[in-house]
Amino acid sequence: MKVVVIQENIIQPDITAEEITSIWKTLIAFPEVTEVIVHCPEKYPSKKNLHTMIDDADAVFGLWIDKTCMSKEFLTQHPNLAYIATLGHGWEPFDVEMTKQRGLIISNTVYGAQTIAEYAFAMLMDICHNISYHSDFVKRTNWERSKNESEFCKTQLPQIELFNKTVGIIGLGSIGYAFAKMAHGFGMHVIAYSRHKKEGSQYDFIKQVSFDTLLEQSDVISLHTPFSASSADMINKESIGKMKDKVILINTARGGLIVEEDLADALNRGKIYAAGLDVLRDEPPKNDNPLLKCKNAYITGHIAWLTRDSRFRACQMAIENFKSYLAGKPKSIINE
């Protein structure tokens, strides 16, 4: 079995490409694997380059599940391909039946639940307390000037207490659930909306409600749902109109969940107090994205997943998923 790995560029300062490559090379230890090729492109390959890299591989790690590669035309050029492992949680809509008819197994890698939930909560905390802003204020102020003394024990921006507030979580997968536990630990009332009601005692602290009820009752809304045809543009002028005034919105899921023009308008009007966004519809954003001009939009560059621990975890989990596949017990399958 020939295995190809498309190793994405290392985009964080505490990891080297060699460290990641060494993990992928361990795949050769599986008896079924005869060859492991690790490609390390500077950026994600074009369609043409993907064809060259995949070639006659039986299994591919690191392929993005999108319309570029999940088409009959693309897959026909790789008749040996039987297993694809995407190294992320999410994927774009694709023709599931077509891939099943080809006998293709596609897995995702749920590596970053805690990491991404922590980042979402960090965005929420920054919105509520503006710690960096207040730290910068203290460091840049000349405290030896007597007129500044009265500014020391004083907040420059409003602070918001989360205790006893209601947080609404859209999507109760692994990330949403991790976020829910954090919010519960802060003494928040946790409500959630998910496509399918979650069963089990571990969800007892969460009140599962309808989408509209969540919009109406939440002081904070955090998005953790997959991007799909049914979830696209779910945060829009109509849904925003059902929200409480001064609600806080967090999105570490996918930019396509939000109509950005409608969000910008709500931020500028004060309907939404602030938004913490690690994802945007276009990444990187176009200069005319209205959210870039909203002072109460906190925007980062899709980095919630980028810890050293999570990067290594993604590789190891993908390898464990592959081991299960080879044993005839595939798991984390997204095209069942």
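Start at 1 with the first residue, then count along the sequence. Owing to the predicted nature of the structure, the values given are computational and were not obtained by experimental measurement.
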- Kindly check if the number of other-residue, nucleotide or ligand heavy atoms within 6.0 Å of NZ (Lys165) is above 12? yes
- Message: In the structure I gave you, are the side-chain heavy atoms of Thr21 and Glu18 within less than 4.5 Å of one another anywhere?
- Response: no
- Give a yes or no on this: more than 12 heavy atoms of other residues, nucleotides or ligands lie within 6.0 Å of atom CD of Glu238. no
- Message: Checking the side chain of His78 only, and the main-chain atoms of Asp55 only, is there a donor and an acceptor separated by less than 3.5 Å?
- Response: yes
- Check for a donor-acceptor pair, side chain of Gln77 on one end and backbone N or O of Phe74 on the other, with a separation under 3.5 Å. no
- Item | Trp305 side chain near Thr252 side chain, heavy-atom distance below 4.5 Å | no
- Query: Any side-chain donor paired with an acceptor under 3.5 Å for His224 and Ser222?
  - Reply: yes
- Message: For the backbone of Ala264 and the side chain of Asn268, can you confirm whether one donor and one acceptor N or O come within less than 3.5 Å of each other?
- Response: yes
- Counting only heavy atoms not in Lys47, do more than 12 sit closer than 6.0 Å to its NZ atom? yes
- Under 3.5 Å side-chain donor-acceptor pair for Tyr83 and Asn321: no
- Task: Answer whether the closest heavy-atom distance between the side chains of Phe121 and Val167 falls below 4.5 Å.
- Result: no
- Between Asn108 and Ser332, a side-chain donor and acceptor under 3.5 Å: yes
- Message: Please report the interatomic distance OG(Ser218) to NZ(Lys242), rounded to the nearest 0.5 Å.
- Response: 13.5 Å
- Hey, what's the ring geometry for Phe61 with Trp24, parallel, tilted or perpendicular (30° and 60° as the breaks)? tilted
- Task: Would you check if there is a donor-acceptor pair between the side chains of Thr300 and Asp278 at a distance under 3.5 Å?
- Result: yes
- Is there a donor-acceptor contact under 3.5 Å from the side chain of Asp66 to the main chain of Thr68? yes
- Message: If you count every heavy atom of other residues, nucleotides or ligands that lies below 6.0 Å from Glu144 atom CD, does the total exceed 12?
- Response: no
- State, with a plain yes or no, whether a side-chain heavy atom of Ile160 is found less than 4.5 Å away from one of Ile248. yes
- Message: Donor-acceptor pair, distance only, cut-off 3.5 Å: does the side chain of Arg254 make one with the backbone of Val279?
- Response: no
- Message: If you count every heavy atom of other residues, nucleotides or ligands that lies below 6.0 Å from His51 atom NE2, does the total exceed 12?
- Response: yes
- Look at the aromatic rings of Phe137 and Trp143 and report parallel, tilted or perpendicular, splitting at 30° and 60°. perpendicular
- Task: Answer with yes or no whether the side chains of His89 and Thr109 bring together a donor and an acceptor at under 3.5 Å.
- Result: no
- Item | Residue pair Asn236 / Ser239, side-chain donor-acceptor N/O under 3.5 Å | yes
- Message: For Lys2, run the side-chain hydrogen bond (donor to acceptor under 3.5 Å, both in side chains) check against Thr34, Asp56, Asp58 and tell me which one passes.
- Response: Asp56
- Query: With a cut-off of 6.0 Å (strictly less than), are more than 12 heavy atoms of other residues, nucleotides or ligands near CD of Glu42?
  - Reply: no
- Query: Quick one: does Ile206's side chain get under 4.5 Å of Ile191's, heavy atoms only?
  - Reply: no
- Query: Could you give the distance from OG (Ser135) to CD1 (Ile131), rounded to the nearest 0.5 Å?
  - Reply: 9.0 Å
- Shortest non-hydrogen contact from Leu249 toward Ile235: CD2-CG2, 4.1 Å
- Message: Quick one: does any side-chain atom of Gln208 pair with a main-chain N or O of Lys198 as donor and acceptor, under 3.5 Å?
- Response: yes
- Message: Side chains of Asn335 and Thr99: any donor to acceptor distance under 3.5 Å?
- Response: yes
- Query: Say you draw a straight line from CG of Asp233 to CD of Glu260; how long is it, rounded to the nearest 0.5 Å?
  - Reply: 9.5 Å
- Item | Tyr133 six-ring centre to Arg140 NZ/CZ under 6.0 Å and within 45° of normal | yes
- Query: Do Glu118 and Phe179 have side-chain heavy atoms sitting under 4.5 Å apart?
  - Reply: no
- So, do Phe312 and Tyr111 have ring centers that fall under 6.0 Å from each other? no
- Task: Give a yes or no answer on whether the side chain of Asn296 reaches the backbone of Leu267 with a donor-acceptor pair at less than 3.5 Å.
- Result: yes
- Item | Glu19: which of Lys25, Arg308, Arg311 passes salt bridge (Lys or Arg N to Asp or Glu O under 4.0 Å) | Arg308
- Item | Residue that, paired with His189, satisfies side-chain hydrogen bond (donor to acceptor under 3.5 Å, both in side chains) out of Asn164, Thr166, Asp219 | Asn164
- Is the shortest heavy-atom distance from the side chain of Val33 to the side chain of Phe322 under 4.5 Å? yes
- Message: Testing the 3.5 Å rule here: is there a donor-acceptor pair between the side chains of Ser210 and Thr213?
- Response: yes
- Task: Using only heavy-atom distances, determine whether the side chains of Glu8 and Trp64 contain a donor-acceptor pair under 3.5 Å.
- Result: yes
- Trace of the salt bridge (charged side-chain N to carboxylate O under 4.0 Å, His left out) decision for Arg269 with Asp265: CA-CA 6 Å; Arg269 290 188 291 109; Asp265 176 68; 2.8 Å; yes
- Query: Is there a side-chain contact between Ile106 and Ile333, using heavy atoms and a 4.5 Å cut-off?
  - Reply: no
- Item | Flag, side chain of Asp282 to backbone of Pro285, donor-acceptor distance under 3.5 Å | no
